[in-house]
Colleague: 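Below you will find the structure I want to go over with you.
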Amino acid sequence: MTQSEAAETGLGSEASGVRRRDFIEVAAVSAAGVGALAALVPLISQMSPSADVLAEASTEVDISAIAVGQAIKAVFRKQPVFVRHLTPEEISKADAVPLSELRDPETLEQRTKPGKTQWLITMGVCTHLGCVPLGTAEGEPKGEFGGYFCPCHGSQYDTAARIRKGPAPKNLVVPDYAFTSPTVVKIG
Amino acid sequence: MSFPWANEYKPSHPAMVWLDEKLPLPRFVFNAVGAGYPVPRNLNYMWNFGVLAGFCLMLQIVTGVILAMHYAADTSVAFNSTEHIMRDVNWGWMLRYAHANGASAFFVVVYAHIFRGFYFGSYKAPREMIWLLGVVIFLLMMATAFMGYVLPWGQMSFWGAQVITGLFSAIPLVGDALHTWLLGGFAPDQAALNRFFSLHFLLPFVILGVVILHIWALHIPGSSNPTGVEVKSESDTVPFHPYYTAKDGFGLAVFLFLYCAMLFFFPNALGHPDNYIPANPMQTPAHIVPEWYFWPFYAILRAFTADLTIPFTHVVLVPAKLLGVLAMFSAILVWFALPWLDTSPVRSGHYRPTFRKIYWLLVIDVVILGYCGGSPAEEPFVMISQIAAAYYFLHFFIILPLVSLIETPQPLPFSITESVLGKDVETTPAPAE
Amino acid sequence: MVRLISALIGAFFTLCLLIAFGTGLISYIKEPPAKTVEAAFHKHPGELALQSDGAFGSFDRQQLQRGFQVYKEVCSACHAIKYVAFRDLKELGYNDPEVKAIAAGFKVPVYNPGTGELKTRDGVPTDHFPPVVYGGSGTPPDLSLITKARHGGASYVHALLTGYAEQPAELLKKYPESKTPDGLFYNPYFANLNIAMPPPLASEGQVSYKDGTKATVDQMATDVAAFLVWTAEPKLEKRHQTGWPVLGFLLFASVLAYMAYRNVWADKKH
């Protein structure tokens, strides 16, 4: 194997010879080290998302069928995304909350696109430990604040999907998205 | 082991002293493959292949564990998941080619290691146990390689599984039941694929265990050497480290160069095109061949084309199919008896003129068998393989024992040192110790 | 004792082999195996020079696009390339909108588990090329891996596409029972000489290349063969690009390791 250590070598030769030998052996061992490190690159990067997974990193959602007050779950990166068509009451309720009361202060406007405040698009992943909060489907509990309620540990989100009560530290994450047409949203 | 002059492990750093008292692992490594293992000074390059085989085993385990992260052992998706590895997984193509060509490289190295053992009589006392364990490793490798080839679930995978498990149906009385039991069905399918995957993952670690025993057994008498003369004094040996670590490092670099040339530029040269066709249980490929490393044994299997009958009647004593299976297994199992078949007191082929001739005949014979095994089952290959297989059996079962009885060996050197220096005294300035 | 038993076993197997050899030899002399029609008339493909050949091989993207056009306009009526995804076409030099447009031109099946309905929708870049429903005789193979799944690879594809011919008179004279059956086509490059696929590239100009290349039958066959090399081994270029630095490094490491080995052994004769 290649772990030959320079110290072991150059037995009984004159000083100048020892130096040259040390150099060659250190170089050989270093080359082996460099090669081993380079070989680690594919061994490690194979665990990163593969090309097909990365290719699915954007999703197009048709929102034309979502009536006011309704919400749907779409899939983005194999995770749920909540697309919610807010009612005017829900918007005013969200706007009425002073930022100072919020654990993670953000306005509804910051969390939606300009002129599209009625479209609240967030990840459906609780920022506590990753459960899917309830509140999208008809009849599901929406929690004390009328938004989403996570059944795992009782986190409650308001109508702007901001954390109001319970263990979650952050608001539901707003993914990168854009309206590609008035009725189509491209997420990711 | 071993020789009284072996260097002793003397840790200087207090942490290493502490560790040596609690868990003498560094001492163990030092005595196994470090400066504490005295090795004959005259080993030639044929002695590089043991370390290379160990490297190949680790290479296969590492790449195999990684492939298993992406592979799915389900008949409906196994082929797709292999293509997924080739196309979408980061560096997946390289890892898969590394594993497939790694299997071939492993067999190249192991065949070199085995034939070195044949030539230099490495199987003889006191090293019989090393040899026996080595044959066990080879058998396990064959099983592992066969099951691994089934996993991509291509045409050759499927029909290879069909044909090789079919061998077991030749066994009288229980054959058919055994065949069905092995497959978990009447043909290779989900049950077979899943168990092959499980065993293909397990067996390399079993091999690793037997390799450890193989090396342990090696350290009892110490390494053999090209003269076959046992070590007599300190001047016959050098410490494994740095002498053989340096030489094995060079061997490893050359091996990696050749292996990577295959991997990057001819990755499919040793494979068969049919295995890029998904398995189709309704259609057999025109010409079923196993991977090249099985060819000699496959040729022996196919060489038995005639039933053994009572002369001048049609009463079949042993059907041809059973004969082929028995012969193929005997062709390997006879290696277990080798230490007792070759009774010549001289180990190395260097000093055995007649043995040397039959050894090279055997090498040529195995190459011919390999060529026939990779060719279609038609004439003249069948007749050639019959003659070649007959010589194979004659060699191991009759000629080798006979030669070892009647041959007059050439005079052996007094010692390893004498063979190297011409006389048994170190003439170069003694190392300052 | 061991040697006695072994001698008996060895003699037994040798005897069996000699019997088998003798039986085989007698029947070989009595009835020499007749040359089959395939053995007599099957042709092996000649050389086809592509830019992807050899250790320095790379892809000619212009040619791959032409080959894809041939595949799309001719082959895709019967043959799928299901291991290829539309997104992969970006490697051929198409940009995102082009890939999107190509994908939208294919119908992808979608199964609705709620209703049990099987419907189709327009393809998107993340989809794979859809399976092709084929109603005729024969079983058109998936072409994704065809250049790796046949001896001869790309040259086989090219030879097969351009190799249709009349059955030679000599063949009919020697093997009158081997007349190509109705509905099949004589092609000496096909393993059993008679292929169910009608000549797909029948006339010059069957596709019109955007880059102005003249679409001769040979050109179309070469281009589609080049394209199928890519579908079978899309990482070929990357493999070659990785291989050379790796080999260079290992050569350097081997020289260094040799020098280190000589140094370590410098004062030990062996």
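What you are looking at is a predicted structure, and each value in this text was computed from that prediction instead of being measured. Just so it is clear: chains get the letters A, B, ... in the order the sequence lines come, proteins before strands, and each one is counted from 1.
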Colleague: Of all of B/Arg87, B/Met383, B/His272, B/Glu379, which one pairs up most often with chain C through heavy atoms under 4.5 Å apart?
Modeller: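 Sorted descending by pairs with chain C, the first entry is B/Arg87.
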Colleague: When only pairs under 4.5 Å are counted, which of B/Ala253, B/Pro40, B/Ser330, B/Gly154 shares the most heavy-atom pairs with chain C?
Modeller: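 Ranked by contacts with chain C, first place is B/Ala253.
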Colleague: Taking everything shown except B/Glu378 itself, do over 12 heavy atoms lie less than 6.0 Å from its CD?
Modeller: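 It does: B/Glu378 CD has more than 12 such atoms within range.
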Colleague: Which bit of B/Trp340 is near chain C, if near means a heavy-atom gap under 4.5 Å: side chain, backbone, both or neither?
Modeller: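 It is both, since atoms from each part get that close.
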Colleague: Please say whether more than 12 non-hydrogen atoms of neighbouring residues, nucleotides or ligands are located less than 6.0 Å from CZ in B/Phe266.
Modeller: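 Open: at most 12 neighbouring heavy atoms sit under 6.0 Å from CZ of B/Phe266.
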Colleague: Is B/Ser419 in contact with chain C via its backbone, its side chain, both, or neither, using a 4.5 Å heavy-atom distance?
Modeller: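 Contact with chain C is absent: no heavy atom of B/Ser419 under 4.5 Å.
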Colleague: Assess the residue pair C/Ser144 and C/Asp142 against the criterion (side chain to side chain donor-acceptor pair (under 3.5 Å)); give the C-alpha distance rounded to whole Å, side-chain angles, the decisive distance to 0.1 Å, and a yes or no.
Modeller: CA-CA 6 Å; C/Ser144 325; C/Asp142 186 278; 2.4 Å; yes
Colleague: What part of C/Ala232 lies closer than 4.5 angstrom to a heavy atom of chain B: side chain, backbone, both or neither?
Modeller: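 Backbone only.
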Colleague: Who in residues 26-47 of chain C is close to chain B, using a strict under-4.5 Å heavy-atom cut-off?
Modeller: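 Interface residues of residues 26-47 of chain C: C/Tyr28.
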Colleague: Would you mind checking which part of C/Val246 comes under 4.5 Å of any heavy atom in chain B, side chain (CB onward), backbone (N, CA, C, O), both or neither?
Modeller: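 Side chain only.
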Colleague: Can the ring centroids of B/Tyr97 and B/Phe264 be said to lie less than 6.0 angstrom from one another?
Modeller: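 No: the rings miss the under 6.0 Å criterion.
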Colleague: Taking the six-membered ring where the residue is Trp, are the ring centres of B/Phe250 and C/Trp265 under 6.0 Å apart?
Modeller: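 No, the ring of B/Phe250 stays outside the 6.0 Å limit from the ring of C/Trp265, centre to centre.
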Colleague: Chain C: which of B/Leu43, B/Asn42, B/Asn268 shares the most heavy-atom pairs with it under 4.5 Å?
Modeller: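 Of B/Leu43, B/Asn42, B/Asn268, B/Asn268 has the most heavy-atom pairs under 4.5 Å with chain C.
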Colleague: With respect to chain C, which residue among B/Ile277, B/Leu263, B/Asn275 yields the maximal number of heavy-atom pairs within a distance under 4.5 Å?
Modeller: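 Option with the top pair count is B/Ile277.
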Colleague: Would a line drawn from the ring center of C/His151 to the ring center of B/His287 be shorter than 6.0 Å?
Modeller: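 Not under 6.0 Å, so no.
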Colleague: Kindly assign one of parallel, tilted or perpendicular to the pair C/Phe68 and C/Phe129, based on the angle between their ring planes and the thresholds 30° and 60°.
Modeller: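 Judged by the thresholds at 30° and 60°, the geometry between C/Phe68 and C/Phe129 is perpendicular.
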Colleague: Considering only heavy atoms, which portion of C/Phe249 lies under 4.5 Å from any heavy atom of chain B: side chain, backbone, both, or neither?
Modeller: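 Neither part.
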Colleague: Under 4.5 Å heavy-atom distance to chain C, tell me which part of B/Leu256 shows up: side chain, backbone, both or neither.
Modeller: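 It is both, since atoms from each part get that close.
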Colleague: Examine C/Lys100 relative to C/Phe86 and say whether NZ or CZ is less than 6.0 Å from the centre of the six-membered ring and inside a 45° cone about the ring axis.
Modeller: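 Relative to the ring axis of C/Phe86, which defines the angle, C/Lys100 lies outside at least one limit.
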Colleague: Can you say whether B/Leu326 sits under 4.5 Å from chain C via the side chain, the backbone, both, or neither, judging by heavy atoms?
Modeller: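 Its backbone and side chain both get close to chain C.
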Colleague: Using non-hydrogen atoms and a 4.5 Å limit, figure out which bit of C/Thr147 sits close to chain B: side chain, backbone, both or neither.
Modeller: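 Contact with chain B: none, neither part.
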Colleague: If you take the centroid of each ring, where Trp contributes its six-membered ring, are C/Phe227 and C/Phe59 closer together than 6.0 Å?
Modeller: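 So the answer is no for these two rings.
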Colleague: Measure the acute angle between the ring planes of C/His240 and B/Phe265, then classify it against the limits of 30° and 60° as parallel, tilted or perpendicular.
Modeller: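 Parallel: the ring planes of C/His240 and B/Phe265 meet at under 30°.
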Colleague: With chain C, which of B/Val382, B/Asp274, B/Thr343 has the greatest number of heavy-atom pairs at distances under 4.5 Å?
Modeller: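 Most heavy-atom pairs under 4.5 Å with chain C: B/Thr343.
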Colleague: Most heavy-atom pairs under 4.5 angstrom with chain B, which of C/Ala191, C/Ala11, C/Ala20?
Modeller: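 So the answer, after comparing C/Ala191, C/Ala11, C/Ala20, is C/Ala20.
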Colleague: Below 30° counts as parallel, above 60° as perpendicular, anything between as tilted: where do the rings of B/Tyr391 and B/His395 land?
Modeller: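 Judged by the thresholds at 30° and 60°, the geometry between B/Tyr391 and B/His395 is tilted.
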Colleague: Salt bridge (Lys or Arg N to Asp or Glu O under 4.0 Å) for C/Glu237 and C/Arg61? Distances and angles first, verdict last.
Modeller: CA-CA 12 Å; C/Glu237 218 169 46; C/Arg61 285 177 171 67; 2.7 Å; yes
Colleague: Heavy atoms only, distances under 4.5 angstrom: which of C/Thr242, C/Val84, C/Leu17, C/Ile19 has the most pairs with chain B? Name it, please.
Modeller: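 Heavy-atom pairs under 4.5 Å are most numerous for C/Leu17.
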Colleague: Would B/Thr309 and B/Asp307 count as a side chain to side chain donor-acceptor pair (under 3.5 Å) here? Give the steps.
Modeller: CA-CA 6 Å; B/Thr309 53; B/Asp307 296 334; over 6 Å; no
Colleague: What residue in C/Ile146, C/Leu236, C/Leu25 has the most heavy-atom pairs under 4.5 Å with chain B?
Modeller: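 The answer is C/Leu25.
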Colleague: Find the one option among B/Trp93, B/Phe304, B/Phe79, B/Phe396 whose heavy-atom pairs under 4.5 Å with chain C are most numerous.
Modeller: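 Max contact count across the listed options: B/Trp93.
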Colleague: Would you please test B/Tyr392 and C/Phe13 for ring pair (Phe, Tyr, Trp, His ring centres under 6.0 Å) and show each step?
Modeller: CA-CA 10 Å; B/Tyr392 184 94; C/Phe13 282 130; over 10 Å; no
Colleague: Check for me whether C/Lys238 meets the cation-pi criterion with B/Trp91, that is, NZ or CZ under 6.0 Å from the six-membered ring centre and within 45 degrees of the ring axis.
Modeller: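 Yes, cation above the ring, under 6.0 Å and within 45°.
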Colleague: Answer with side chain, backbone, both or neither: which region of C/Lys82 has an atom nearer than 4.5 Å to a non-hydrogen atom of chain B?
Modeller: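 It is neither, since no heavy atom gets under 4.5 Å.
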Colleague: At a heavy-atom separation under 4.5 Å, does B/Ser385 approach chain C through its side chain, its backbone, both, or neither?
Modeller: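 For B/Ser385, neither part sits under 4.5 Å from chain C.
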Colleague: Quick one, C/Ile81 with C/Tyr71, criterion side chain to side chain contact (heavy atoms under 4.5 Å, CB included). Give me CA distance, side-chain angles, the key distance, then yes/no.
Modeller: CA-CA 10 Å; C/Ile81 44 171; C/Tyr71 166 74; 3.4 Å; yes
Colleague: Heavy-atom distances under 4.5 Å only: say whether B/Asn44 touches chain C with side chain, backbone, both or neither.
Modeller: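 Contact with chain C: none, neither part.
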Colleague: Under a 4.5 Å heavy-atom cut-off, does chain C meet the side chain of B/Pro380, its backbone, both or neither?
Modeller: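 No part of it gets close to chain C.
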